[in-house]
K.L.:
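Here it is: the structure, laid out below.
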Amino acid sequence: MGLEEKLPSGFLLTTVEKLAGYMRKNSLWPATFGLACCAIEMMAAGAGRYDLARFGMEVFRASPRQADLMIVAGRVSNKMAPVVRQIYDQMAAPKRTIAMGACASSGGMFNNYAIVQGVDHVIPVDIYLPGCPPRPEMLMDAILKLHEQIGNEKLGPNREKIIREVEAAALAAKPTHQLKGLLA
Ligand code: SF4
């Protein structure tokens, strides 16, 4: 936001944080953007049966400059990766990303030369949504979890501290190629 970097810590900051979080979480606009079969579920979530509009999320924007949420719905091919990055760069800040489905999160069953093995190789991801494909209810749950995250976001000096902590935790985490899941 710009202003938040100049806010002093302490008095009133908590209230400002809560207010900014409340406004941000209730005004997310997703970019109209689908890559593969998961996009059909994303479209279903916006249609009458599931009615994403209940959460103020139905305004899918055709221009990235009017959007601040990217739902990566489907596998990302190597050819498409630079386009995904460009759209992400053009979106309004602060921006968020949901990796929808196994393919967007990790490459899924497409362990081959053509598919990026997780969109987090190209853009930062806030929420990973499992499933092939995830049902519209799961997408809505992911969006609500993202709302929770945004609502609790810190501002000013607190924000910088949290970003540093998150970066340090990410660097200290075990690389995904060493994770064994249930085989460990
Ligand atoms: S996770 Fe499944 S449904 Fe989604 S893009 Fe991949 S193959 Fe298609």
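Indexing begins at 1, ligand by ligand and atom by atom, following the structure's order.
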K.L.:
List, one per line, each side-chain donor-acceptor pair under 3.5 Å for residues 28-53, sequence neighbours excluded.
P.N.:
from : atom 1 : to   : atom 2 : distance (Å)
T32  : OG1    : R61  : O      : 2.9
Y50  : OH     : R135 : NH2    : 2.9

K.L.:
Could you tell me, atom by atom, which parts of ligand 1 come under 4.0 Å of a heavy atom of G131?
P.N.:
1 (S)
K.L.:
Can a non-hydrogen atom of A104 be found less than 4.0 Å from any atom of ligand 1?
P.N.:
no
K.L.:
Any chance you could measure M80, atom CE, to N78, atom CG, to the nearest 0.5 Å?
P.N.:
12.5 Å
K.L.:
Return a table of donor-acceptor pairs under 3.5 angstrom between the side chains of residues 121-134 and protein atoms on other chains or two or more places apart.
P.N.:
from : atom 1 : to   : atom 2 : distance (Å)
H121 : NE2    : Q117 : O      : 3.2
D126 : OD2    : T97  : N      : 2.8
Y128 : OH     : D120 : OD2    : 2.7

K.L.:
Under 3.5 Å, which donor-acceptor pairs link side chains of residues 139-148 to any protein atom two or more places apart or in another chain?
P.N.:
from : atom 1 : to   : atom 2 : distance (Å)
D141 : OD1    : K145 : NZ     : 3.3
D141 : OD2    : K145 : NZ     : 3.0
H147 : NE2    : K25  : O      : 3.2

K.L.:
Run the side-chain contact (heavy atoms from CB on, under 4.5 Å) check on I115 and V76 step by step: do they pass?
P.N.:
CA-CA 6 Å; I115 300 297; V76 184; 5.8 Å; no
K.L.:
Near M109, which atoms of ligand 1 are under 4.0 Å from a heavy atom of that residue?
P.N.:
7 (S)
K.L.:
Mind listing the protein N/O/S atoms less than 2.8 Å away from atom 8 (Fe) of ligand 1? Waters don't count.
P.N.:
C37 SG
K.L.:
Does atom CZ (R65) have a neighbourhood of more than 12 heavy atoms from anything else shown, all under 6.0 Å?
P.N.:
no
K.L.:
Mind checking the CG-CZ spacing from L69 to R96? Nearest 0.5 Å is all I need.
P.N.:
9.0 Å
